[in-house]
Amino acid sequence: STQSTGLLFIYTTTFPYTPYIPMSWQGYVDTNLVGTGLVSIAAIVGHDGSTWATSPSFNVTADETKKLLAGFGDPSGLRASGLFINGEKYLVLKADDRSIYGKKGTGGVVTVKTGSAILVGVYNEKIQPGQCANVVEKLADYLIEQGY
């Protein structure tokens, strides 16, 4: 009788092996946020105030990030003086330890905090606030699952 060694060799025709490369931070802004058509402009910033990725001509300053980050812990300052993003003042509609939503005219902003970043999505009058919030919140969920 013949005896099997239990070894199976699989050969692939694709060398060298290319590992999966995750999307860049800019890719998340361009594809997963603005690319949905439900976010007008967006940014991802670090808790330290650094910009990880952003739409063209959209700047969330380090000072704005610092105040935003403080607002997740205690929103009273933002409620009193407004939320500033890209130099624009928004009236705070919702604020808790995960999300802060603001409104300005017929548009608004959705910000969501993850373990190490803050996602910022701005919507205009053509986008329903809930649609923008859903997109930003879902990307935040994904990034949190990935350890960010």
Side-chain angles (χ1 to χ4, degrees), residues 9-148:
F9 292 97
I10 300 174
Y11 294 95
T12 178
T13 58
T14 55
F15 278 97
Y17 169 70
T18 305
Y20 170 74
I21 299 170
M23 187 177 294
S24 70
W25 293 112
Q26 191 62 49
Y28 287 120
V29 167
D30 296 343
T31 304
N32 297 75
L33 295 173
V34 178
T36 65
L38 301 174
V39 178
S40 302
I41 52 177
I44 300 174
V45 296
H47 288 188
D48 63 357
S50 62
T51 300
W52 293 9
T54 187
S55 295
S57 304
F58 185 60
N59 180 33
V60 181
T61 68
D63 186 56
E64 290 171 341
T65 301
K66 180 181 175 185
K67 290 176 181 171
L68 180 58
L69 194 57
F72 288 109
D74 177 10
S76 60
L78 294 179
R79 290 190 191 281
S81 60
L83 168 63
F84 285 84
I85 299 291
N86 194 42
E88 301 284 330
K89 182 179 178 180
Y90 294 87
L91 172 69
V92 174
L93 299 177
K94 171 192 173 185
D96 59 37
D97 61 355
R98 173 188 161 100
S99 307
I100 298 174
Y101 297 0
K103 183 156 182 60
K104 179 182 180 186
T106 56
V109 65
V110 174
T111 66
V112 184
K113 184 178 78 160
T114 70
S116 54
I118 302 171
L119 281 63
V120 180
V122 175
Y123 59 91
N124 61 28
E125 69 281 351
K126 298 174 186 165
I127 299 168
Q128 293 296 317
Q131 293 176 311
C132 179
N134 190 40
V135 167
V136 179
E137 294 277 1
K138 283 188 175 179
L139 180 57
D141 287 340
Y142 171 77
L143 293 176
I144 290 166
E145 288 171 13
Q146 302 306 308
Y148 294 104

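What you see is a predicted model; the values in this text were computed from it and never measured.
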Evaluate side-chain contact (heavy atoms from CB on, under 4.5 Å) for V39 paired with V110, printing each intermediate quantity in order.
-> CA-CA 9 Å; V39 178; V110 174; over 6 Å; no
Report, as yes or no, whether the 6.0 Å neighbourhood of atom [atom1] on [X] holds more than 12 heavy atoms from other residues, nucleotides or ligands.
X: K94; atom1: NZ; result: yes
X: Q146; atom1: CD; result: yes
X: K103; atom1: NZ; result: yes

Taking the side chain as every heavy atom from C-beta outward, state whether P75 and I100 have any pair of such atoms under 4.5 Å apart.
->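 When only atoms from C-beta onward are counted, I100 and P75 do not touch, as no gap falls below 4.5 Å.
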Given side chains that start at C-beta, do those of N86 and V120 come closer than 4.5 Å, heavy atoms only?
->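 Side chain of N86 against side chain of V120, heavy atoms only: no contact under 4.5 Å found.
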For W52, check ring-ring contact (aromatic ring centres under 6.0 Å, His included) against everything at least two apart and list the hits.
->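 With neighbours one apart ignored, the set is W25.
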Pair D141 + R98: basic N to acidic O under 4.0 Å = yes
Whether [X] side chain and [Y] backbone form a donor-acceptor pair below 3.5 Å:
X: T114; Y: A140; answer: no
X: H47; Y: T65; answer: no
X: E64; Y: G87; answer: yes
X: T54; Y: F58; answer: yes

Any chance you could measure [X], atom [atom1], to [Y], atom [atom2], to the nearest 0.5 Å?
X: E137; Y: T111; atom1: CD; atom2: OG1; result: 9.0 Å
X: Q128; Y: L38; atom1: CD; atom2: CG; result: 10.0 Å
X: T36; Y: Q131; atom1: OG1; atom2: CD; result: 9.0 Å
X: K104; Y: L91; atom1: NZ; atom2: CG; result: 12.0 Å
X: S55; Y: I44; atom1: OG; atom2: CD1; result: 10.0 Å
X: K113; Y: D96; atom1: NZ; atom2: CG; result: 9.5 Å

Which pairs pass ring-ring contact (aromatic ring centres under 6.0 Å, His included) with one or both residues in residues 72-101, sequence neighbours excluded?
->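 Residue pairs passing ring-ring contact (aromatic ring centres under 6.0 Å, His included), neighbours aside: none found.
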Where do N124 and T106 land on the side-chain contact (heavy atoms from CB on, under 4.5 Å) test, with the steps shown first?
-> CA-CA 7 Å; N124 61 28; T106 56; over 6 Å; no
Kindly indicate, with the supporting measurements, whether the criterion side-chain contact (heavy atoms from CB on, under 4.5 Å) is fulfilled by L68 and V60.
-> CA-CA 10 Å; L68 180 58; V60 181; 5.5 Å; no
From the list V136, L143, I144, side chain to side chain contact (heavy atoms under 4.5 Å, CB included) with V112 holds only for V136
Heavy atoms only: give me the nearest A42-V29 pair and the separation to one decimal.
-> O-CG1, 3.7 Å
At their closest point, which heavy atom of L78 faces which heavy atom of G71, and how far apart are they?
-> CD1-CA, 3.6 Å
S76 side chain to D74 side chain, donor-acceptor N/O pair below 3.5 angstrom | yes
